[in-house]
Amino acid sequence: MTCNPSWPEIEEHLLVIAEVQNQPDLVSRVFRAKVEEMKTDILKRNIFGRVAAFMYTIEFQKCGLPHAHFLIILNNKYKLLTPEAYDKIICAELPDRDTNDYLYTLVTKHMMHGPCGNLNPKCPYIEKKGYCKFEYPKEFADHTSKGKDGYPIYQRRNTGKVVTTRGQLLDNSWVVPYNPYLLSKFNYHNEIKQYQSARWVSPPEATWRLFGVPISEIIPTVYHLQRKQRC
């Protein structure tokens with residue numbers, strides 16, 4: 001989950017002439033609240049099922065916006081073992097605009113990859129051979145199935161639906177997998193546009209650390225024990 005600077009909780013507390021980048025304390029507090037609410041959904045409301053283990057870590061983009069990486073291990077009873085189980089949680093298609101216009105707006109705004117490849121050769125995702133390192137556009141699939149590498153191949157039907165994104169017409173092959181419930185509730189970005197290997201401390205990160213907010217959490221807690229050396 002990446003912080004959305006257009007969240008109402010941020011915008012409604014900005015002065016008329018104020019800008020988001022000048023309010024790192026506000027950004028950090030709102031994002032912290034969103035992370036805690038997502039933890040409640042996952043750990044207490046069990047939106048994915050009962051959780052056996054859970055961890056997250058907070059990082060900060062070059063532009064300063066925080067984002068969180070979550071790792072969830074479900075109890076055996078709730079593990080995703082079939083294509084039907086994947087489909088209940090993850091979607092990789094454009095929603096029906098007529099039945100859910102709000103979700104359609106969020107997917108087309110936040111969950112469309114690129115464009116890259118032939119549509120945008122200068123995209124930072126493009127490797128030396130001219131291919132997208134995230135392997136977009138994906139191949140169409142009529143049904144969800146298990147891939148040979150252990151990762152699912154999500155349902156991406158060739159429905160003919162397209163959306164204009166950054167000047168290009170994109171179909172289901174460009175949709176980044178998303179959870180409809182979480183996307184609708186949190187209105188977040190789910191893709192980091194560009195990563196650059198460097199180290200800096202942005203104002204939101206500095207504020208986050210000044211507040212003393214944890215940068216990571218793991219449940220159940222695991223400690224690394226040093227091995228005793230024999231005499």
Side-chain angles (χ1 to χ4, degrees), residues 1-13 20-21 23-75 78-80 86 89-92 103 106-107 109-113 124-125 133-134 151-152 154 175-223:
M1 177 175 69
T2 301
C3 178
N4 183 353
S6 298
W7 275 332
E9 296 89 345
I10 293 178
E11 291 188 333
E12 68 185 10
H13 289 96
V20 175
Q21 60 265 28
Q23 296 278 180
D25 56 334
L26 179 59
V27 171
S28 295
R29 284 189 169 115
V30 171
F31 186 72
R32 168 68 171 173
K34 297 285 187 179
V35 169
E36 290 301 310
E37 178 64 14
M38 180 174 284
K39 284 171 53 183
T40 299
D41 276 341
I42 295 172
L43 299 177
K44 296 183 178 180
R45 300 190 181 108
N46 297 319
I47 61 172
F48 300 130
R50 192 169 296 279
V51 176
F54 165 89
M55 70 173 296
Y56 76 86
T57 183
I58 306 296
E59 297 178 354
F60 294 82
Q61 295 177 277
K62 183 180 179 181
C63 63
L65 294 177
H67 63 273
H69 295 274
F70 288 82
L71 174 63
I72 305 162
I73 300 177
L74 300 176
N75 282 356
Y78 300 96
K79 288 186 181 296
L80 308 182
Y86 296 139
I89 293 181
I90 300 296
C91 182
L103 180 60
L106 295 180
V107 171
K109 181 179 181 180
H110 299 313
M111 310 308 295
M112 302 302 295
H113 179 83
Y125 304 134
K133 65 180 180 179
F134 298 112
Y151 290 93
Y154 296 112
V175 177
V176 177
Y178 62 93
N179 176 268
Y181 169 79
L182 292 178
L183 182 59
S184 296
K185 180 174 182 177
F186 291 102
N187 184 15
Y188 56 52
H189 299 264
N190 194 35
E191 184 179 14
I192 303 170
K193 299 302 179 185
Q194 184 175 4
Y195 174 79
Q196 188 171 1
S197 181
R199 178 59 184 165
W200 56 85
V201 178
S202 62
E205 180 177 0
T207 305
W208 188 279
R209 295 181 181 275
L210 287 172
F211 287 156
V213 180
I215 207 73
S216 62
E217 183 178 352
I218 182 170
I219 300 174
T221 303
V222 177
Y223 291 98

### Task
Apply side chain to side chain contact (heavy atoms under 4.5 Å, CB included) to the pair C3 and V27, showing each step before the final yes or no.
CA-CA 8 Å; C3 178; V27 171; 3.9 Å; yes
### Task
May I have the step-by-step check of side chain to side chain contact (heavy atoms under 4.5 Å, CB included) for K34 and N4, ending in yes or no?
CA-CA 10 Å; K34 297 285 187 179; N4 183 353; over 6 Å; no
#### Entry: L183/Y188 under side chain to side chain contact (heavy atoms under 4.5 Å, CB included): CA gap, chis, key distance, verdict
CA-CA 6 Å; L183 182 59; Y188 56 52; 4.3 Å; yes
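The distance from atom CG of N179 to atom NZ of K185, rounded to the nearest 0.5 Å, is 11.5 Å. With rounding to the nearest 0.5 Å, the separation of CZ in F70 from CD in E217 is 9.5 Å. Atoms CE and CE, on M1 and M38 in that order, are 4.5 Å from each other to the nearest 0.5 Å. The distance from atom CD1 of I58 to atom NE2 of H69, rounded to the nearest 0.5 Å, is 9.0 Å. Expressed to the nearest 0.5 Å, how far CG of L65 lies from OG1 of T2 amounts to 8.0 Å.
In this pair, W208 and F60 present their aromatic rings perpendicular. The plane angle is above 60°, beyond the 30 to 60° band.
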Pair up each side-chain donor or acceptor in residues 43-56 with any protein partner under 3.5 Å, not counting sequence neighbours, and list the distances.
unit_1	atom_1	unit_2	atom_2	d
R45	NH1	E37	OE2	2.9
R45	NH1	D41	OD1	2.5

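Annotation: side chain of H110 is not in contact with side chain of V176 (no heavy-atom distance under 4.5 Å). Contact annotation: the side chain of H13 never approaches that of Q23 to less than 4.5 Å [non-hydrogen atoms, C-beta and beyond]. Side-chain atoms of F186 and L106, non-hydrogen and from C-beta on, never get closer than 4.5 Å to each other. In this structure, the side chains of V107 and C91 stay at 4.5 Å or more apart for every pair of heavy atoms. In this structure, the side chains of K79 and I73 come closer than 4.5 Å at one or more pairs of heavy atoms.
Here the closest non-hydrogen pair linking P5 and E11 is O-CG, 4.0 Å. Between F31 and A68, the shortest heavy-atom distance links the atoms CZ-N, 3.7 Å.
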